[in-house]
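Computed from heavy atoms alone, side chains included, the values below leave out hydrogens, waters and symmetry copies.
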Amino acid sequence: MRDASRWVPAACAVVALVVGLSTLNALPVGGFYDDSFYVILAKSLATGQGYRNLHLPGAPFAAHYPPGYPAFLALLWKLGPAFPANLMLFKAANAVLLAVVAWSTATFAMRRLQLAPWLAAVAALLGTITIPPLLLANMLLSETLFLALLVPALAYAEGALQEGGPVRMRAAVALGVLAAAITLVRSIGALVIVAIAVAYLWRRAWRAGAAFVATALVMLAPWTLWTMRHGADLPPALLGAHGSYLGWFTGGMRSDGPAVLVRTALVNVTAMVNGVLPSFRVGPALLPSAVALIALLSLWAAAAWRTRSRVPVTLVFLALYLGLVVVWPGAPLRFVWGVWPLLMALLVAPIGAPATRGSTRAVCIVAAVCLAPGVLRYNVQGYRGGWWASISRQMGGAMRPAIVWARTHTAPGDVIASESEGMMYLYADRPSVPVTTFTAAQYLQERTPQENAGILRDILAAYHPRYVILQSPPDIAAARLLTAGPSAALVAVDTTGGVFAFAPVAGALPAP
């Protein structure tokens, strides 16, 4: 067992690294929207311009995305400053991080969940070389770095909270640093701080808990002050995509009231079930879906009960994390994928957990057997189709006509309003602004064309772009509303190649 504890995590890391590197591609970044901004912020840091939204006119300071992942990419940018060639370097780095996640998940499964080495390997590989984690790693999203810090931190926390005396104090400070680092990669990582603080309170370790919280808050203070100072620098129409997360969420609460949480929860639970089940069921029919859902819930419930004394911090964190995802007015599937290795480790845990015996173990084995064919089917199809690159392929192809139009019809300094402003800046080398905004209320009820037209008019008034380049029907409909009537703000200038280009009417909008 001692030898296995060394080579099994290493073997899992090697497999994850090889698979991660084999999925590398040169497809454009920006398919998931956020990934383009991580690259833009990395460029800003790497080129000495500070933490700025370089794509926006005037390059205002950025306060939406925490700086951890952009700073990581900025270090790599120094090694390979030529864009877009350096995207391969960034994706290779994500493959290395995926190997770290595999190693730490296998170690966590053996040491904390007390699983046999072969079951720990199954958990690690399910959590790293299946389609969801490969998709996130290929799109340059922050989840892979988040997990590379999160899983070891949780493993360390579970052990450190058992210590006493000076060891506990040193561990508390170290945990504070780790938890803050996780939060600086993804804001939702703040729930790690809450989970560990709850564990200290539960054990009545007042001094160690205070040291932990104080360390985390001190580490986070610069970013907290930065967001307080610059979180509202942008025009209101852009705060949905570039303002603070807390302001975005509370804005939705103010407009729709607490009842919005219930409505959001109903939508998100349905979306989570529909998004997760395809990875486990043998077919789309009702019966296979029901079997897969019952098996998943049974295994996760058994894991939570059987491992509650060994990994309490992990369980509290996941409960807080998934609870917030359920009521957060945004697509939940990416967040579920963001803790996929932990979910897979817990999925496997009841099969080999020491506390699982007799009929309970038999039920867990039957549930696992029900899921295995679906896992195999989904991932074989995914590997054959290269599904980890599906979003990049789709969005890259969709945006290409707009980018080509901008490069051939505009000058380098012209401001472009675009449906994917990050991609427009990176690939057309033009300052770019969005054509709409994201709000919490919009998640539950789509805006009317008139409402979209009003938002577009606000953006035009704030930035006065040279052209508005559109391809999606809802945005085109909004722009066309602004071309009609005596107060028209736009005029259509081109409709070639599936691109609808509009130009602002001179004098129709107030000066910026």
Side-chain angles (χ1 to χ4, degrees), residues 4 6-29 31-32 35 69 72-73 76 86-110 115 117-152 275-276 278-280 333-334 336-348 368 371-394 396:
R6 296 176 180 175
W7 68 261
V8 167
C12 291
V14 170
V15 172
L17 178 62
V18 170
V19 173
L21 292 175
S22 70
T23 64
L24 294 184
N25 57 73
L27 291 170
V29 68
F32 217 90
D35 49 344
Y69 190 56
F72 173 75
L73 294 181
L76 299 175
N86 55 11
L87 292 181
M88 292 297 288
L89 175 62
F90 300 162
K91 292 180 181 182
N94 267 10
V96 174
L97 292 174
L98 201 64
V100 174
V101 177
W103 175 85
S104 57
T105 303
T107 302
F108 178 86
M110 285 192 293
L115 297 184
W118 73 272
L119 278 176
V122 170
L125 296 179
L126 282 175
T128 52
I129 65 169
T130 48
I131 297 302
L134 290 176
L135 187 147
L136 293 176
N138 265 273
M139 287 194 299
L140 294 182
L141 294 169
S142 60
E143 278 82 354
T144 311
L145 178 58
F146 174 73
L147 285 166
L149 295 172
L150 175 67
V151 180
V276 170
S279 295
F280 298 97
L333 191 55
R334 175 187 169 186
V336 175
W337 291 344
V339 289
W340 198 251
L342 292 173
L343 294 177
M344 295 304 99
L346 290 175
L347 192 68
V348 173
L371 294 176
V375 172
L376 186 63
R377 176 199 63 82
Y378 180 81
N379 286 283
V380 166
Q381 291 180 353
Y383 271 72
R384 286 176 176 172
W387 288 355
W388 48 77
S390 57
I391 294 177
S392 297
R393 280 196 300 262
Q394 179 181 354

Residue pair Leu21, Leu24: steps toward the side-chain contact (heavy atoms from CB on, under 4.5 Å) verdict: CA-CA 5 Å; Leu21 292 175; Leu24 294 184; 3.9 Å; yes
Side-chain donor/acceptor of Arg393 to backbone N/O of Gly386, under 3.5 Å: yes
All side-chain hydrogen bond (donor to acceptor under 3.5 Å, both in side chains) counterparts of Asn138, not counting sequence neighbours: Thr23, Asn25
Beyond-backbone contact of Leu97 with Phe72, side-chain heavy atoms, under 4.5 angstrom: yes
Exercise: identify the closest heavy-atom pair between Ala124 and Ala102: CB-O, 3.5 Å
Partner residues of Phe146 under the ring pair (Phe, Tyr, Trp, His ring centres under 6.0 Å) criterion, sequence neighbours left out: none
Ring pair (Phe, Tyr, Trp, His ring centres under 6.0 Å) partners of Phe32, counting only residues at least two apart: none
Point-to-point distance, once rounded to the nearest 0.5 Å, from CG of Leu98 to CG of Leu136: 9.5 Å
Spacing of Leu342 atom CG and Thr105 atom OG1 [to the nearest 0.5 Å]: 6.5 Å
Closest non-hydrogen atom pair, Tyr383 against Ile129: OH-O, 2.5 Å
Euclidean distance, Phe108 CZ relative to Leu150 CG, rounded to 0.5 Å: 9.0 Å
Which atom of Leu76 lies closest to which atom of Ala93, heavy atoms considered: CD1-CB, 3.4 Å
Which residues share a ring pair (Phe, Tyr, Trp, His ring centres under 6.0 Å) with Tyr378, sequence neighbours left out: Trp387
Considering all heavy atoms, the nearest Ala106-Ala120 contact: O-CB, 3.7 Å
side-chain contact (heavy atoms from CB on, under 4.5 Å) evaluation trace for Leu347 with Phe280: CA-CA 12 Å; Leu347 192 68; Phe280 298 97; 3.8 Å; yes
Val14 and Trp7, any side-chain heavy atoms less than 4.5 Å apart: no
Heavy-atom pair with the smallest gap, counting every atom of Thr128 and Val101: CG2-CG1, 3.8 Å
Residues which pass side-chain hydrogen bond (donor to acceptor under 3.5 Å, both in side chains) with Ser142, listed by chain and number, not counting sequence neighbours: Tyr38, Arg186
Side-chain heavy-atom pair Leu149, Val100 within 4.5 angstrom cut-off: no
Residues, nucleotides or ligands: over 12 heavy atoms within 6.0 Å of Trp388 CH2: yes
Value rounded to 0.5 Å, distance of CZ in Arg6 from CE in Met110: 11.5 Å
Flag, side chain of Ser392 to backbone of Ala389, donor-acceptor distance under 3.5 Å: no
Test item: side-chain donor near acceptor, Trp340 and Thr130, under 3.5 Å: yes
Contacts of Gln394 that satisfy side-chain hydrogen bond (donor to acceptor under 3.5 Å, both in side chains) - sequence neighbours left out: none
Min side-chain heavy-atom separation Met139-Ile391 under 4.5 Å: yes
Nearest-0.5 Å distance, CG of residue Leu135 to CD of residue Glu143: 10.0 Å
Check: Asn379 side chain, Ile131 main-chain N or O, donor-acceptor pair, under 3.5 Å: yes
Shortest non-hydrogen contact between Ala99 and Ala16, atoms and distance: CA-CB, 4.0 Å
Rounded distance [0.5 Å steps], CG in Asp35 versus CG in Leu141: 5.0 Å
